[in-house]
J.: 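Before I ask anything, here is the structure I am working with.
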Amino acid sequence: MPAVPESERVAILREWGVSEPLIRLSCGEVLHEQFNDCCLGPPWYVYHGSLQTPEVAPLAVLWEWCDKVTGVWHRSGRLEFIEYGFGGAEEFEVVARTEQGFWADQFDFLYECDGPLEELRAAAAAVGFRFLERHLSAREAAGAVLGTYEGHQAWLRALIATIDAETQDAEPVAAPDPAT
């Protein structure tokens, strides 16, 4: 299935209940300097024929950064935020099933990039990420588990799953168009 048409992308994101701050970032508006490099659209390669999208559901691409595409689709009655590398659209990863879970993943990356805590707090407020303090305290409690890639990924996926479970019913998800 193709990407959501570029001309319909913002309308579809709104229809699916994606927040205005996330939509604004996906359109290239810098809401906070922490997002300037890694969480900023608009996507270009997918919409200009250079990259494919997974053949699962119509994907609303948020941005492309480094060698990775980040987007969201509506599948099985819920949103899924996904990422995949430029080299293989079919090797996508479901990052989160709610926007708050998605932000947990993004803020973990920003933390790993040594973002100053006050800057991270300001960025979280700019996008409405409610779980930054939980993320920070969970990182501190995890200690040595975060010392390996596998341990860090398992810890992060568990944290995101918890956040997704808590916010699943709180985030509105519009019924998709029957064509999607």
J.: Please examine the side chains of Val61 and Thr70, heavy atoms only from C-beta on, and report whether any two atoms are closer than 4.5 Å.
T.: no

J.: Is the shortest side-chain heavy-atom distance between Val127 and Ser19 below 4.5 Å?
T.: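 They are not in side-chain contact.
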
J.: Say you draw a straight line from CD1 of Ile160 to CH2 of Trp155; how long is it, rounded to the nearest 0.5 Å?
T.: 8.5 Å

J.: Could you pull out the closest heavy-atom pair between Ala138 and Leu159, with the gap in Å?
T.: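 Looking at all heavy atoms of both residues, the shortest contact is CB-CD1, 4.4 Å.
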
J.: Mind checking what makes side-chain contact (heavy atoms from CB on, under 4.5 Å) contact with Arg24, not counting sequence neighbours?
T.: Glu29, Leu31

J.: Could you go step by step and tell me if Tyr84 and Glu91 meet the side-chain contact (heavy atoms from CB on, under 4.5 Å) rule?
T.: CA-CA 6 Å; Tyr84 64 92; Glu91 296 175 21; 5.9 Å; no

J.: Please determine if Glu166 and Arg134 form a salt bridge, counting it only when a charged side-chain N lies under 4.0 Å from a carboxylate O.
T.: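 Result for this pair is yes, salt bridge flagged.
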
J.: To the nearest 0.5 Å, what is the distance between NE2 (His74) and CD (Glu15)?
T.: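 So the gap between those two atoms works out to 9.0 Å.
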
J.: Over all heavy atoms of both residues, which pair between Phe102 and Leu22 is shortest? Give the atoms and the distance, please.
T.: CE2-CD1, 4.1 Å

J.: Would you kindly say whether Glu6 and His48 are connected by a side-chain donor-acceptor distance under 3.5 Å?
T.: no

J.: Please find the pair of heavy atoms, one from Ala96 and one from Gly101, that lie closest to each other, and give the distance.
T.: CB-C, 3.4 Å

J.: Is Glu99 close to Phe81 at the side-chain level, that is, under 4.5 Å between some pair of heavy atoms?
T.: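 Side-chain contact under 4.5 Å: yes.
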
J.: Verify side-chain contact (heavy atoms from CB on, under 4.5 Å) between His152 and Asp108, making sure each step is shown before the conclusion.
T.: CA-CA 10 Å; His152 182 260; Asp108 189 67; 2.8 Å; yes

J.: Considering only heavy atoms from C-beta outward, does the side chain of Val30 approach that of Leu40 to under 4.5 Å?
T.: yes

J.: So which heavy atom on Cys27 is nearest to which on Pro42, and how close?
T.: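 In terms of heavy atoms, the two residues are closest at O-CD, 3.8 Å.
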
J.: Between the side chain of Glu83 and the main-chain N/O of Lys68, is any donor-acceptor distance below 3.5 Å?
T.: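 The answer is no, because no donor-acceptor pair under 3.5 Å joins these two groups.
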
J.: Using a 4.5 Å cut-off on heavy atoms from C-beta on, say whether the side chain of Arg9 contacts that of Leu59.
T.: no

J.: Just checking Phe35 against Trp103, ring centres under 6.0 Å apart?
T.: yes

J.: Could you measure the distance from the CZ atom of Arg14 to the CD atom of Glu20? Nearest 0.5 Å is fine.
T.: 4.0 Å

J.: Are Cys38 and Leu110 packed together at the side-chain level, in the sense that at least one heavy-atom pair is separated by less than 4.5 angstrom?
T.: yes

J.: Measuring from atom CH2 of Trp73 to atom CZ of Phe92, what distance do you get when rounded to the nearest 0.5 angstrom?
T.: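 Those atoms lie 4.0 Å apart.
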
J.: Counting the benzene-type ring for Trp, do Trp65 and Phe109 have ring centres under 6.0 Å apart?
T.: yes

J.: Counting only heavy atoms not in Glu140 (residues, nucleotides, ligands), do more than 12 fall under 6.0 Å from its CD?
T.: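 Count not over threshold, so no.
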
J.: Run the side-chain contact (heavy atoms from CB on, under 4.5 Å) test on Leu117 and Tyr111 for me, step by step, so that the C-alpha distance in whole Å, both residues' side-chain angles and the decisive distance to 0.1 Å come before the verdict.
T.: CA-CA 8 Å; Leu117 292 182; Tyr111 180 90; 4.0 Å; yes

J.: Step by step, work out the side-chain contact (heavy atoms from CB on, under 4.5 Å) result for Thr148 and Gln153.
T.: CA-CA 8 Å; Thr148 67; Gln153 287 301 299; over 6 Å; no

J.: Could you grab the distance from atom CG of Leu156 to atom CG of Leu146, nearest 0.5 Å is fine?
T.: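 Rounded to the nearest 0.5 Å, the CG-CG separation comes out at 9.0 Å.
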
J.: Run His32 and Glu119 through side chain to side chain donor-acceptor pair (under 3.5 Å) and show every step you take.
T.: CA-CA 9 Å; His32 190 280; Glu119 292 293 314; 3.2 Å; yes

J.: Would you give the length of the straight line joining atom CD1 of Ile82 to atom CZ of Arg75, rounded to the nearest 0.5 angstrom?
T.: 8.5 Å

J.: Mark yes or no for whether Glu64, through its side chain, and Val46, through its backbone, hold a donor-acceptor pair below 3.5 Å.
T.: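 Pair found, side chain donor or acceptor close to backbone of Val46.
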
J.: Looking only at non-hydrogen atoms, find the nearest pair between Ala60 and Trp16 and report the distance.
T.: CB-CZ3, 3.8 Å

J.: Looking only at atom types and distance, does a side-chain atom of Asp164 sit under 3.5 Å from a main-chain N or O of Arg97, one as donor and one as acceptor?
T.: yes

J.: Quick one: are Leu62 and Leu25 in side-chain contact, heavy atoms under 4.5 Å?
T.: no

J.: Answer whether the closest heavy-atom distance between the side chains of His135 and Arg139 falls below 4.5 Å.
T.: yes

J.: Pairing donors with acceptors under 3.5 angstrom, does anything connect the side chains of Thr98 and Gln168?
T.: no

J.: Can you sort out the partners of Phe131 under ring-ring contact (aromatic ring centres under 6.0 Å, His included), two or more places apart, ordered by chain and number?
T.: none

J.: Which atom names give the shortest non-hydrogen contact between Pro43 and Ser26, and what distance separates them?
T.: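 In terms of heavy atoms, the two residues are closest at CD-O, 3.8 Å.
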
J.: Would you call Arg157 and Glu93 a salt bridge, using N to O less than 4.0 angstrom?
T.: yes

J.: Tell me whether Tyr149 is reachable from Val145 by hopping between hydrophobic residues (I, L, V, M, F, W, Y) whose side-chain heavy atoms are closer than 4.5 Å.
T.: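 Result: no, two separate clusters.
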
